[in-house]
Amino acid sequence: MRITRTVPARPVPITALVLATAGSLLLTPQTAVAEPRPPVHRETAPEGPAAQTPLSVARRALAAAKSESTTEAAAESASAAVLGDDSRGYPRRQVLAPDPENPADRSIKLGLAPYHSIAPKLNALQALGDRVSVEVAGRSAGGHRLYLATVTAPESARQARAQARMRELIENAPALAAKSPGIKRDYKAPVFLNNNIHGNEWEGTDASLKLIERLATADDGATRDLLAHSRLYFNITANPDGRIAGTRANAGGFDLNRDFVTASQPEVRAMRRIMIDKQPAVMLDLHGYVNGTLIEPTTPPHGENYEYDLFLKNTYANALGMEAAVNGLGYTAEKDGVQPAQIPFRDQEEGWDDWPPIFTPQYAAYHGTVAAHTVEIPMRVNNADYAGLPVTELRRRSAINVDVAGAALRATLDFVRTRRASLVADQIEVFRRGAAGAAQVPVSEESVPGVPGIGPEDVYTTTFPRAYVIPAGRAAQRSATAAARLVDHLLANDVRVTRALHDFRLGSRTYAKGSYVVDLRQSKRGLANALLADGRDISDKVSVMYDISGWSLGRLWGATVEPVTRGSLAGVPLRPVSAAARVGYVAPRGDLRLRLDDPREVAALNSLLQQGVPARRAADGSAIVPASARARAEAAARTYDVVFDATKVKGTAPLHRTRVAAAVTPGELLALREMNFEVTPVSPGVLNAGFDWSSVDVLFVSAGLDHGDLNDGARSALDAFLDGHGLVGRGATGAELNAAAGLLAVKPVEGNGDANGVVRVANSGSALMNGAPSHGFVYAPVWFTDLGPGVRVEQSYATGNPLVSGHWRPSQDGTGGPADAAGRAAVVSGPQAVLFGTEPMFRDHPKGEFTQVGRALFSMADATGTR
């Protein structure tokens, strides 16, 4: 579910206003309260409950990010190979083994399909004829199978290969594809129908299963025409963990509909693979619950890297068809509690934007999808309603939701059937513009006829650089490991990357052999630029944003990335790459130095420490590994792709195996485990039950641990631990615990809680921040004033306006804006505490900042003395 704030709406027909008003007055006690524009929903509050994710779930989520072979990584690779196999025709039948029956599945109470019923149902659907095929697209963080059902007219292997060749021509040679009569006549339009990405928004799954059953056997001319000219891909449940548990998030605690920039979760990597391999022209993402049914396109601001004229043209047209189908079901506010459908672009002013590519439909647009929608079905059945309403009422609402979702699905298929040729032509044009370096077309009533109400507030375009260069060489890169990881991530997103065979000159400077070049004249230039560009400060454009407004892997992932605005690549000796070159290296003699500028370097160090290697901390924050451990360092270099340089520095203090008690968000918990820290999640409940503090060396707190929630015994035990050990705190919760424990004399100041984005920072030269990037990330920023004796400023917000990209305004009282934060301390330290006002481990976005926390934990694990 995506939720907006109440804001002034664009003009809507008076009949719609009358219906909405009448519905709000005449609802019966057992109907869903109408909330066409409710408050902004945050994935979790910045200081939400502490994460308790099991280690096994984290390992599954991290498997594909690790270079060593694991069962989970092998399984994920096998699934990707199956999905990308164009040598087989359709149908592709397989018999799915059943899952154990689970009477605790939260779907059952709603009269919906429990997860354990889905495999048998799909087996039965495949047996109905020759139109339905089912493949396993991957596994969830909790280990459940992800099912992709394909519905299409039968194809021989030869026909399937022909479809694959046409699809590749569309992406790789769009100018030729635009002239191809074979594509116009024979290409099957791909459609992606995504369900249940939020686990407690169930009904899309059930509606899709019903629709597949009808499509499997229907013999009417419209169905035969649809399946002869399109392939329909149904992701049956994108989040089986959450479906079973009745939670928005997956088993790892992640909101999957926030993860597409970084793809930290296996479910998102599976969806990404589907979008790359199938290249959908149209996609639907079924959610709940907004009454009346909310159907995108969105309000401003619109993603500036889109070919938005083509996207808006098709997305709005399909929205009208879905609106008519949903309203045509006959549900009313008076009789059923169901409000008329709404289209945010037409009916709202702001607060439901498509600015960040973290959401499924917005990410799909960068893979050539020209009509993409979040659809919010109307009747609430989750959270408090699930617990408090009678089963009969819940099932009444769920039945309506299944009906509404089905209407949206059917309308979309009608849209595809009648507009297949123009949809494919527009997808080709998206790719053609990228490959040709053509200018974007600003939206207007002239460029997008038939869409009412387009104004200057809807115009968002960007200037694409000629290319991005990721320079080679240790002098050019703070971390060769970070550069290699970024290249692999770009490739995983289907962004084309090349590598220089010789030194070359581009723009105004010379780059070394081995540098990576991302040519922005490529079909998916919008995605490349969305990932690598700085982004834009849009604080003055709208008063509120739905979710994050700034992100930049170029600034936040720890690699040096340089935009080149002019110059020709014609003479540059480049070759395409399918993977980044390995950078792992160990100097052949002498003691070794590991920089600790990248999370993989911290992970390698923790691996060595857990093996008993006697490493030491250097004054610059790096780790010194003795020559006697060279064989183990070589194994770590291979596993983590990190560099151990030779050094004569001996180090200032020993480093020890570091065991962390953590009250943190799910993203932070995953980041700590990615860095190989031994982590024990804690919360007030855990501490109040009696916690063995001797099992940990340091405490990290950012969420869900209030000193006042502890009983006397737990409070005394915590205070005793902090008498001889250190605290790493983040945000308001970390600062409040610091104050309660009396560790560091500072005053935390909370900025606007809605603010987020990429910020400029100034770092100290201490061991904690030496070599840290000059940019960070904030989400509900905090800074520190009134610094007492012994408090060191490790990082400050830059002077002037520190915000580079995102949305950060002052609060309503005029305080808490970027001007108040400018020049203030963002990270502070003392003998027994390090406090962060930034978000160095937010949702995997600021990968290059992770090590700031890693270094702080090493430092505080050795904290001594009493308060």
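In this structure, a donor-acceptor pair under 3.5 Å is absent between the side chains of N172 and S523. Between the side chains of Y289 and E203, at least one donor-acceptor pair of N or O atoms lies under 3.5 Å. Of the N and O atoms on the side chains of Y468 and N529, at least one donor lies less than 3.5 Å from an acceptor on the other residue. Between H302 and Y308, the side chains place a donor N or O and an acceptor N or O closer than 3.5 Å (distance only, hydrogens not considered).
The structure places CG of L486 at 6.0 Å from CG of L532, a figure rounded to the nearest 0.5 Å. If you take CG on D754 and OG on S539, they are separated by 11.5 Å, rounding to the nearest 0.5 Å. Rounded to the nearest 0.5 angstrom, I274 CD1 and K278 NZ are separated by 8.0 Å. The CZ atom of R410 sits 7.5 Å away from the CZ atom of R214 when rounded to the nearest 0.5 Å. For the atom pair CG (L232) and CD1 (I212), the distance works out to 9.0 Å, reported to the nearest 0.5 Å. Summarising the geometry, atom OG1 belonging to T374 is positioned 8.5 Å from atom CG belonging to L294; distances are rounded to the nearest 0.5 Å.
In this structure, R496 does not pair ionically with D519, as no charged nitrogen and carboxylate oxygen lie closer than 4.0 Å. The pair E307-R525 counts as a salt bridge, with a side-chain nitrogen and a carboxylate oxygen less than 4.0 angstrom apart. With respect to R346 and E323, a salt bridge is recorded, a charged nitrogen being found less than 4.0 Å from a carboxylate O. Between R167 and E171 there is no salt bridge, since none of the side-chain N atoms of the basic residue sits less than 4.0 Å from a carboxylate O of the acidic one. Salt bridge absent: K541 and E350 never bring a charged side-chain N and a carboxylate O closer than 4.0 Å. Comment: E168 does not engage R165 in a salt bridge, judged by the lack of any side-chain N to carboxylate O separation of less than 4.0 angstrom.
Distance alone, capped at 3.5 Å, is enough to place a donor-acceptor pair between the N257 side chain and the T360 backbone. With hydrogens and angles ignored, the 3.5 Å screen pairs no side-chain donor or acceptor of R272 with any backbone N or O of A263. With hydrogens and angles disregarded, no donor-acceptor distance shorter than 3.5 Å links the side chain of E135 to the backbone of L148. Counting only distance, with no hydrogens or angles, the side chain of T418 and the backbone of F415 share a donor-acceptor pair below 3.5 Å. Between the side chain of T498 and the backbone N or O of P576, no donor-acceptor pair lies under 3.5 Å. With hydrogens and angles disregarded, no donor-acceptor distance shorter than 3.5 Å links the side chain of K210 to the backbone of V402. Side chain of S805 to main chain of D534: a donor-acceptor pair is present (N/O by atom type, distance under 3.5 Å, no hydrogens or angles). A donor-acceptor pair under 3.5 Å is formed between the side chain of N314 and the backbone N or O of L310. For the pair N291 (side chain) and Q339 (backbone), a donor-acceptor distance under 3.5 Å is present. Checking side-chain atoms of R521 against main-chain N and O of G434 turns up no donor-acceptor pair under 3.5 Å.
In this structure the side chain of D353 never reaches within 4.5 angstrom of the side chain of V542, judged on heavy atoms. Side-chain contact check for T262 versus R843: every heavy-atom pair is 4.5 Å or farther apart. Residues N239 and H198 form no side-chain contact, since every pair of their non-hydrogen atoms from C-beta on lies 4.5 Å or further apart. Residues P297 and I343 have side chains in contact (heavy-atom distance under 4.5 Å, counting atoms from C-beta outward). The shortest distance between side-chain heavy atoms of E296 and F345 does not fall below 4.5 Å. Within the 4.5 Å cutoff, the side chain of F260 has heavy atoms near those of the M271 side chain. Side-chain contact between I276 and R273: present, with at least one pair of heavy atoms (C-beta onward) separated by less than 4.5 Å. Using a 4.5 Å cut-off on side-chain heavy atoms (C-beta onward), F431 and Q522 make no contact.
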ring-ring contact (aromatic ring centres under 6.0 Å, His included) assessment of Y233 paired with F192: CA-CA 5 Å; Y233 301 103; F192 181 34; 7.8 Å; no
Candidate pair N235 and N195, rule side chain to side chain donor-acceptor pair (under 3.5 Å), full reasoning: CA-CA 6 Å; N235 191 17; N195 303 292; over 6 Å; no
Residues W352, E376; criterion side-chain contact (heavy atoms from CB on, under 4.5 Å); working and verdict: CA-CA 12 Å; W352 189 281; E376 299 277 355; 3.6 Å; yes
Does the pair W557 and H489 meet the rule for a ring-ring contact (aromatic ring centres under 6.0 Å, His included), with working shown? CA-CA 11 Å; W557 266 39; H489 187 71; 4.6 Å; yes
Test side-chain contact (heavy atoms from CB on, under 4.5 Å) on V497 and V517 and set out the steps. CA-CA 6 Å; V497 183; V517 178; over 6 Å; no
Please assess D547 against I358 for the test side-chain contact (heavy atoms from CB on, under 4.5 Å), listing each intermediate value before the final yes or no. CA-CA 9 Å; D547 202 88; I358 59 174; 3.5 Å; yes
Quick one, H229 with R417, criterion side-chain contact (heavy atoms from CB on, under 4.5 Å). Give me CA distance, side-chain angles, the key distance, then yes/no. CA-CA 8 Å; H229 295 96; R417 183 178 62 83; over 6 Å; no
Under the ring-ring contact (aromatic ring centres under 6.0 Å, His included) criterion, do Y306 and Y366 qualify, and how do the steps go? CA-CA 7 Å; Y306 295 151; Y366 292 117; 5.1 Å; yes
Can you check side chain to side chain donor-acceptor pair (under 3.5 Å) on Q163 and E155, steps first, answer last? CA-CA 10 Å; Q163 289 293 316; E155 296 173 21; 5.6 Å; no
Show your reasoning for whether side chain to side chain donor-acceptor pair (under 3.5 Å) applies to S447 and S444. CA-CA 5 Å; S447 63; S444 67; 3.2 Å; yes
Tell me, with the steps shown, if Y363 and N493 meet side chain to side chain donor-acceptor pair (under 3.5 Å). CA-CA 10 Å; Y363 179 77; N493 281 276; 2.6 Å; yes
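Here the closest non-hydrogen pair linking P442 and Q440 is CD-O, 3.5 Å. Smallest separation of non-hydrogen atoms from G351 and T299: N-OG1, 3.4 Å. In terms of heavy-atom proximity, W355 sits nearest to S549 at NE1-O, 2.9 Å. Closest approach of I170 to Q279, counting heavy atoms only: CG2-NE2, 3.6 Å. Smallest separation of non-hydrogen atoms from G450 and Y316: O-CE2, 4.1 Å. In terms of heavy atoms, P280 sits closest to T369 at O-OG1, 2.8 Å.
Considering V441, D458, D309 in turn, D309 is the only one that fulfils the side-chain contact (heavy atoms from CB on, under 4.5 Å) rule with V448.
Counting non-hydrogen atoms of other residues, nucleotides and ligands closer than 6.0 Å to CZ of R419 gives a total of 12 or fewer.
Judged as a ring pair (Phe, Tyr, Trp, His ring centres under 6.0 Å), and not counting sequence neighbours, H373 has no contacts.
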